[in-house]
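First the structure, in the form of structure tokens, and then the observations on it.
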Amino acid sequence: METRGVRIFMRVTSVLVLAFLYVPLAVIFLYAFNSTVGQKWPPSALTTHWFGVAWRNTEVREALFTSVRAALGATVIALGLGSLAAFAVHRFKFFGREALSFVLVLPIALPGIITGLALNSAISSSGLSFSLLTIIVGHATFCVVVVYNNVIARLRRTPGSLVEASMDLGADGWQTFRYVIWPNLATALVAGGLLAFALSFDEVVVTIFTAGPQITLPIWIFNNLLRPTRLPQVNVVAMVVVLASFVPVYLAVRLTREPAPGRFPAEVVPKPQEQLAVASAAV
Amino acid sequence: MARPTPDTEQRTPPPERARLQAAVRLEGVHKRFGDVTAVDGVTLDVRQGEFFSMLGPSGSGKTTCLRMIAGFETPTSGTVLLLGRDVTRLAPYDRDVNTVFQDYALFPHMTVGQNVEYGLRVKGVAPEERRGRAAEALRMVRLEGFERRKPSQLSGGQRQRVALARALVNQPAVVLLDEPLGALDLKLRQQMQIELKAIQQRIGLTFIYVTHDQEEALTMSDRLAVMNAGRIEQVGTPAEVYEKPSTGFVAGFVGVSNTLSGDAAREVTGSSATITVRPEKIRMLERDERPGDGECSVTGHVRDVVYLGANTRYTVDLDPGGELVVLQQNLARSSMEALEVRGKRVRLAWDRLHSRTLARSEEGTGPPGPGEEGT
């Protein structure tokens, strides 16, 4: 058993680590309401003025819509490919099944800059032009993973006897899918989709390599970070990006937890380090 | 009847129809999984309306047999007949059988009512009718009014009953039960045994019940098959299987193994063939008492005494070698008196009719013969 000293030490360490993760974010949020252009601690007064300014900025608005479109596109592709791949790997035994599973999961571990570089040269040499479509494809490479992971975890957690029971009671393959498999899978798909959306929405590195003239919100932050007059708007946008990423992740965790209360949602792959990167860069 | 496929109906030759009396018939069924032979030549008739158990240790092939009847597995060779119709290669949804699964397999996203209605729903029965029939099935398992609950809100015993209602509501030709009471505690299990049997008798459907629990099989079955290593050792009523086990395996698996072979058997019966006798059939003679007519007897000394409350169990080392377990009711005997017998010399006796000569288990694969009665 741990002694009192150890227990206090562990509590303090936990608090410090969490503070290191979240205090910079809180500071960004606070600065988004700062009344002055320069960042001075503590803020002299609070205002929502910059939200209006950012919203009226067509550049920012364009970037927001581009981000949403890219994230939606990547999510749709990820849902299609990820769930189909999960079905195949779960249902059938075939040569190279383990390898396929590994190759699907790999992109999330690959450095974004390598993925970006590779996609960039592939797109250039294929003669395609850089556009929203290439951003979507680039994002889809790592979004497929989260859908795949969520769906396959759910499939593995769904007892095989449910499918057998359905067939036993007279349901054919399609009825079994419609009445038993699909309802059991729906929350996993929604969770996977939300995570894919969040991943795509705040992605910077791959976007730089696959975008044409399009600017997404994170890229806009990146471009405007060093312009002092834009700093208040950058903070506002950063806050929006963080919320747009955290809310889906939170919902995804809730969704995957619901069907099996008390069980740890092992299938969720939150990736907060990117938000953090934006936040600490902006501070 | 779930979707009869016309072509199979036509393929069934007229002589097959003469066997309609069997609800389920397995003919020379083998099932291999890779190198492992799970079922090794099983031939079996289950009559309509009977409660039939398949009893055996894990790995004896009983569940695989059940799964082949349900359609989840296809036999490597052999035929499965359902009411005289060859269903060997039919999908589960084309067979008029329903299964109660070991883990219940209730659909977690549906209410109890929706679970029970499921079989009717996929067959396109109108909502009105299926609601009525589901309510009736739930009443049968004493869960009326539970329609709106979710399976997660039920206890183990209640889930078990929902699983049963979900099978019964379709009024299948055969209900298959795969160790359905395995997850319940002892008290509830015994209560459910009685309840299951009562339901089966009331509705008159054919039940095939897989279990490794001999007491369960003896309690509920009209007939049972004892399985070992993919083969059937014996088929019979509980009394037949218990009192006249045809192989050493059956004698040991159903009840306490009490066998005599070699010299001990020769001393008792005059032949060295292995015999078995149930522990409660053996008397311990009083000091001057002689064995009666038609009784065989053997001497030994009591090695061990276990006082069990209602009974006392003695383990007796026999003078010609071997041992016998003797179970005696504590009619007028106190625990002190029972324990005093330890180490004493005793003479055991039992009616010749109660000892059975065993076929060797390795050979006991075919339908077991009527065994010699009395030795």
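Keep in mind that this is a model prediction, so the values were computed, not measured. Lettering follows sequence order; numbering is per chain, from 1. Values below: every heavy atom of this structure, side chains too, minus hydrogens, waters and symmetry copies.
Only the backbone of Leu106(B) has a heavy atom closer than 4.5 Å to any heavy atom of chain A. The contact between Asn170(B) and chain A is made entirely by side chain atoms (from C-beta outward), counting heavy-atom distances below 4.5 Å. Both the backbone and the side chain of Arg166(B) come within contact range of chain A, with heavy atoms under 4.5 Å apart. Neither the backbone nor the side chain of Thr158(A) comes within less than 4.5 Å of any heavy atom in chain B. For chain A, the nearby part of Phe72(B) is the side chain; its heavy atoms alone come within less than 4.5 Å.
The aromatic ring centres of His90(A) and Phe87(A) sit 6.0 Å or more apart.
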Worked check of side-chain hydrogen bond (donor to acceptor under 3.5 Å, both in side chains) between Thr211(B) and Asp213(B):
CA-CA 5 Å; Thr211(B) 181; Asp213(B) 182 334; 5.4 Å; no
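For the ring-ring contact (aromatic ring centres under 6.0 Å, His included) test, residues two or more places apart in sequence or in another chain that qualify with Phe51(B) are Phe207(B), Tyr209(B). Residues meeting the ring-ring contact (aromatic ring centres under 6.0 Å, His included) test with Tyr148(A), sequence neighbours left out: none.
In this structure, Leu154(B) and Val162(B) have side chains that are in contact, with non-hydrogen atoms separated by less than 4.5 Å.
Geometric assessment of Arg121(B) against the ring of Tyr179(A) yields a positive cation-pi assignment under the 6.0 Å and 45° thresholds.
Listed options Gly119(B), Gly71(B), Pro172(B), Ala105(B) were ranked by heavy-atom pairs under 4.5 angstrom with chain A; first place goes to Ala105(B). The residue among Arg67(B), Gln102(B), His109(B) with the most heavy atom pairs within less than 4.5 Å of chain A is His109(B).
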